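Owing to the predicted nature of the structure, the values given are computational and were not obtained by experimental measurement.
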Amino acid sequence: MSDGKAAYRDESKQGYVVIWRGLQAAILLRQANPHHPYVVAWGYDEAAGDWSHGSYHADLVEALREATE
């Protein structure tokens with residue numbers, strides 16, 4: 001694809017759904033965790049499927065707020 005989307009996958013290697021990507025972090029959805037399903041994954045490496053550190057949220061708005069600060 002020429003639009004740049006070919007480099008991205010919809011799921012991490014852990015099976016989490018990638019629902020947002022920023023320059024420094026991504027937000028992943030852990031569907032199996034009803035209490036804190038959103039992960040703000042700082043330094044998310046698309047190829048390796050890992051990240052340097054992250055935080056876990058019950059609310060998507062809070063996760064987006066952290067990821068965009």
Side-chain angles (χ1 to χ4, degrees):
M1 266 186 213
S2 62
D3 61 5
K5 293 182 181 177
Y8 295 117
R9 293 189 311 221
D10 293 334
E11 289 189 357
S12 70
K13 289 196 174 190
Q14 295 83 356
Y16 304 155
V17 179
V18 181
I19 59 173
W20 183 86
R21 291 176 183 86
L23 295 176
Q24 298 180 3
I27 297 178
L28 311 175
L29 173 62
R30 303 182 305 160
Q31 295 172 319
N33 188 315
H35 301 290
H36 293 95
Y38 303 104
V39 180
V40 177
W42 293 96
Y44 181 64
D45 182 335
E46 196 82 32
D50 60 8
W51 51 92
S52 64
H53 64 283
S55 58
Y56 301 87
H57 298 270
D59 182 71
L60 178 57
V61 173
E62 289 298 319
L64 280 166
R65 185 173 294 132
E66 178 187 332
T68 57
E69 289 182 344

Ring geometry between Tyr44 and Trp51 (parallel below 30°, tilted from 30 to 60°, perpendicular above 60°): tilted
Audit row: Leu60, Ile27, side-chain contact (heavy atoms from CB on, under 4.5 Å) steps and yes/no: CA-CA 9 Å; Leu60 178 57; Ile27 297 178; 4.3 Å; yes
Atom CD of Gln24: over 12 foreign heavy atoms under 6.0 Å: no
Note, Asp59 side chain near His57 side chain (heavy atom, < 4.5 Å): no
Partner of Ser55 by side chain to side chain donor-acceptor pair (under 3.5 Å), out of Glu62, Glu66, His36: Glu66
Close side-chain approach of Tyr38 and Leu64, heavy atoms under 4.5 Å: no
In one Ile/Leu/Val/Met/Phe/Trp/Tyr side-chain cluster, 4.5 Å: Val17, Val39: no
Considering all heavy atoms, the nearest Pro37-Ala58 contact: CD-CA, 4.0 Å
Minimal non-hydrogen separation, Ala67 against Val40, with atom names: CB-CG1, 4.0 Å
